[in-house]
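Please read the structure below before turning to the comments.
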Amino acid sequence: MKIDIHSHFFPTISQAEAARLSPERAPWLHTDGRQGQIMLGDKPFRPVHDVLWDPVRRVEHLDEQGLDIQVMCATPVMFGYDQPIERALPWAQLMNDRAVEMAAQAPDRLKVLAQVPLQDIDAACREASRAKACGHIGVQIGNHVGNHDLDHDGLVTFLHHCASEGIPLLVHPWDMMGRERMQKWMLPWLVAMPAETQLGILSLILSGAFERIPASLRICFAHGGGGFAFLLGRVDNAWRHRDIVREDCPNLPSSYVKRFHVDSAVFDPKSLQLLVDVMGSERVMLGSDSPFPLGEQRIGSGVLEHPELAEIEKTRILAGNAQAFFGL
């Protein structure tokens with residue numbers, strides 16, 4: 001069995017619908033047959049194809065990839081965190097309703113995560129609960145809102161809400177740092193995106209936020225946790241030898257790996273082995289980042305064809321962990 005917990009969708013939102021959020025910068029979808037373009041206002045943002053928006057093609061894609069279930073979430077450009085809440089909340093609700101409509105094409109195989117307007121925590125909590133009641137199996141959030149990382153009081157309040165309501169979370173990097181120095185070669189996606197993910201994890205560990213958040217919180221970080229697994233030794237070393245690192249974090253940083261999951265989207269057997277060694281195979285779930293070019297093109301092959309992982313580890317990563325995490 002294969003369950004892909006990290007894939008994206010973008011509904012067929014028109015330019016007029018997007019203008020309700022922001023006429024200049026809101027994302028919408030221009031389609032031409034099986035090809036399309038995500039637009040930001042009048043500017044092209046990303047070329048895409050119909051698996052992103054067409055539920056029939058999505059199910060065909062699942063069959064082609066040998067996937068039993070795929071969890072879909074918003075393309076991060078859809079978040080709208082920088083917009084006024086009176087626009088952002090209806091936008092999130094529209095996106096969430098369109099997501100449920102898309103999943104209804106094959107409800108046993110297509111599952112969806114909601115988006116919420118994190119710039120207003122009360123509204124985000126309400127929408128997370130509404131979305132759960134409407135059929136979403138969890139929520140996807142960005143790793144920061146403006147200059148506020150996940151340890152910010154408001155965001156911790158949202159994490160508390162999700163823990164108490166039994167709402168699983170996928171944290172996805174977005175709005176990457178250092179863009180002014182990364183103008184070419186997709187460097188924001190190759191350098192800043194893994195750094196943003198690691199920053200999200202460390203903001204919860206080093207701030208002591210995990211000490212304040214119920215252990216019942218189910219939270220997963222995309223892209224294998226970014227650089228976290230490779231650099232965890234550096235963080236532990238800093239904690240042991242610098243009191244300013246220990247100031248808010250009472251326990252060795254590596255002791256907190258039991259508090260979160262990661263997906264498997266690291267695209268290299270040795271990297272995946274390191275990830276499993278650091279996190280434990282019970283905290284890694286199959287994630288493809290489909291249907292984008294930076295995603296896994298043969299979904300699950302990195303796990304299935306891994307030369308060192310035991311069969312029980314592969315079974316956990318491919319489906320078992322996701323079944324438990326999302327209650328599937």
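Atoms considered below: every heavy atom in the structure, side chains included; atoms not considered: hydrogens, waters and symmetry mates. Small disclaimer: the values here were computed from a predicted structure and weren't measured.
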Inset, instruction - Evaluate the side-chain proximity of Leu318 to Met1: yes if any heavy-atom separation is below 4.5 Å, no if none is. - result: no

Legend entry - Worked verdict on Glu308 versus Lys314 for salt bridge (charged side-chain N to carboxylate O under 4.0 Å, His left out): CA-CA 10 Å; Glu308 302 296 334; Lys314 293 179 180 181; over 6 Å; no

Legend entry - Exercise: identify the closest heavy-atom pair between Leu286 and Ile3: CB-O, 3.4 Å

Legend entry - Worked verdict on Met182 versus Val191 for side-chain contact (heavy atoms from CB on, under 4.5 Å): CA-CA 9 Å; Met182 303 187 198; Val191 176; 3.9 Å; yes

Inset, instruction - Specify whether Phe210 and Tyr256 have parallel, tilted or perpendicular ring planes, treating 30° as the upper limit for parallel and 60° as the lower limit for perpendicular. - result: parallel

Legend entry - Heavy-atom side-chain contact between Leu309 and Ser281 under 4.5 Å: no

Inset, instruction - Give a yes or no on whether the backbone of Gly200 and the side-chain of Asn143 come within a donor-acceptor separation of less than 3.5 Å. - result: no

Inset, instruction - Validate the cation-pi geometry between Arg25 and Phe45: distance from NZ or CZ to the six-membered ring centre under 6.0 Å, angle to the ring axis within 45°. - result: no

Inset, instruction - Answer with yes or no whether the side chains of His6 and Asp289 bring together a donor and an acceptor at under 3.5 Å. - result: yes

Inset, instruction - Could you walk me through whether Met285 and Ile317 pass side-chain contact (heavy atoms from CB on, under 4.5 Å), step by step? - result: CA-CA 5 Å; Met285 299 185 283; Ile317 296 168; 5.9 Å; no

Inset, instruction - Output yes when Arg130 and Asp97 qualify as a salt bridge under the 4.0 Å nitrogen-oxygen rule, no when they do not. - result: yes

Legend entry - Any donor-acceptor N/O pair, His136 side chain to Gly138 backbone, under 3.5 Å: no

Legend entry - Note, Phe158 side chain near Val139 side chain (heavy atom, < 4.5 Å): yes

Inset, instruction - List in chain and number order the residues that pass side chain to side chain contact (heavy atoms under 4.5 Å, CB included) with Asp63, two or more places apart in sequence or in another chain; answer none if no residue qualifies. - result: Val59, Arg109

Legend entry - Any side-chain donor near an acceptor of the partner, Ser129 and His161, under 3.5 Å: yes

Legend entry - Pair Arg316 + Glu313, salt bridge at N-O below 4.0 Å: no

Legend entry - OG-CG distance between Ser288 and Leu294, expressed to the nearest 0.5 angstrom: 12.0 Å

Legend entry - Point-to-point distance, once rounded to the nearest 0.5 Å, from CG of Leu94 to CZ of Arg20: 7.0 Å

Which pairs would a plain distance check flag for residues 66-74, meaning a side-chain donor or acceptor within less than 3.5 Å of a matching protein atom at least two apart in sequence or in another chain?
from	atom 1	to	atom 2	distance (Å)
Asp68	OD2	Lys2	N	2.8
Gln70	OE1	Arg58	NH1	2.7
Gln70	NE2	Asp4	OD2	2.8

Inset, instruction - Check the angle between the aromatic planes of Trp28 and His30 and answer parallel, tilted or perpendicular using the 30° and 60° thresholds. - result: perpendicular

Legend entry - Any Leu170 side-chain heavy atom under 4.5 Å of Phe326 side chain: no

Legend entry - Donor-acceptor contact present, side-chain Thr197 to main-chain Met193, <3.5 Å: yes

Inset, instruction - Check whether any side-chain heavy atom of Leu169 lies under 4.5 Å from a side-chain heavy atom of Leu113, and answer yes or no. - result: no

Inset, instruction - Could you tell me whether a side-chain N or O of Gln115 sits under 3.5 Å from a main-chain N or O of Met95, the two making a donor and an acceptor? - result: no

Inset, instruction - For Gln15 and Asp42, test the side chains for any donor-to-acceptor distance below 3.5 angstrom and give the result as yes or no. - result: yes

Legend entry - Test: Lys132 and Glu127 ion pair at under 4.0 Å: no

Inset, instruction - Verify the ring-centre separation between His261 and Phe221: is it less than 6.0 angstrom? - result: no

Inset, instruction - Report the C-alpha separation of Asp32 and Gln37 in whole Å, then their side-chain angles, then the decisive distance to 0.1 Å, and conclude whether the side-chain contact (heavy atoms from CB on, under 4.5 Å) test is met. - result: CA-CA 9 Å; Asp32 183 9; Gln37 181 78 235; over 6 Å; no

Inset, instruction - Decide yes or no on side-chain contact (heavy atoms from CB on, under 4.5 Å) for Arg179 and Arg181, but give the supporting numbers first. - result: CA-CA 5 Å; Arg179 284 182 178 272; Arg181 296 176 58 200; over 6 Å; no

Legend entry - Within-4.5 Å side-chain heavy-atom neighbours: Pro76 and His8: yes

Legend entry - Gap between atom CD1 of Ile38 and atom CG of Leu40 - 0.5 Å precision: 8.0 Å

Inset, instruction - Mark yes or no for whether Trp91, through its side chain, and Ile85, through its backbone, hold a donor-acceptor pair below 3.5 Å. - result: no

Legend entry - Aromatic plane relationship, His152 with His148 - under 30° parallel, 30 to 60° tilted, over 60° perpendicular: parallel

Inset, instruction - Determine whether His223 and Pro173 make a side-chain contact, defined as any pair of heavy atoms from C-beta on separated by less than 4.5 Å. - result: yes

Legend entry - Phe230 atom CZ: more than 12 heavy-atom contacts under 6.0 Å: no

Inset, instruction - Drop me the distance from Ile219's CD1 to Ile141's CD1, to the nearest 0.5 angstrom. - result: 5.5 Å

Inset, instruction - State yes or no: are the ring centers of Trp53 and Phe9 separated by less than 6.0 Å? - result: no

Inset, instruction - Step through the shown structure and confirm whether more than 12 heavy atoms of other residues, nucleotides or ligands are within 6.0 Å of CZ on Arg212. - result: yes

Legend entry - Test of ring centre spacing under 6.0 Å for Phe228 and Phe260: yes

Legend entry - Modelled atom types, side-chain donor and acceptor of Asp277 and Gln273, under 3.5 Å: yes

Inset, instruction - Using atom types as modelled and distance alone, determine if a side-chain donor or acceptor of Glu17 lies under 3.5 Å from a backbone N or O of Ser14. - result: yes

Inset, instruction - Determine whether Leu62 and Ile299 fall in the same hydrophobic cluster, where Ile, Leu, Val, Met, Phe, Trp and Tyr are linked whenever their side-chain heavy atoms lie under 4.5 Å apart. - result: yes

Legend entry - Leu217 CG to Ile167 CD1 distance, which is reported to the nearest 0.5 Å: 10.5 Å

Legend entry - Short N-O contact, Glu211 and Arg259, less than 4.0 angstrom: no

Inset, instruction - For the pair Glu296 (side chain) and Gly302 (backbone), establish whether a donor and an acceptor sit closer than 3.5 Å, ignoring hydrogens and angles. - result: yes

Legend entry - Separation between NE2 of His61 and CG of Asp50, rounded to the nearest 0.5 Å: 10.5 Å

Inset, instruction - Could you tell me whether the side chain of Asp149 and the main chain of Asp151 form a donor-acceptor pair under 3.5 Å? - result: no

Legend entry - Thr31 side chain reached by Leu29 side chain, heavy atoms, under 4.5 Å: yes

Legend entry - Salt-bridge contact Arg34-Asp54 (side-chain N to carboxylate O under 4.0 Å): no

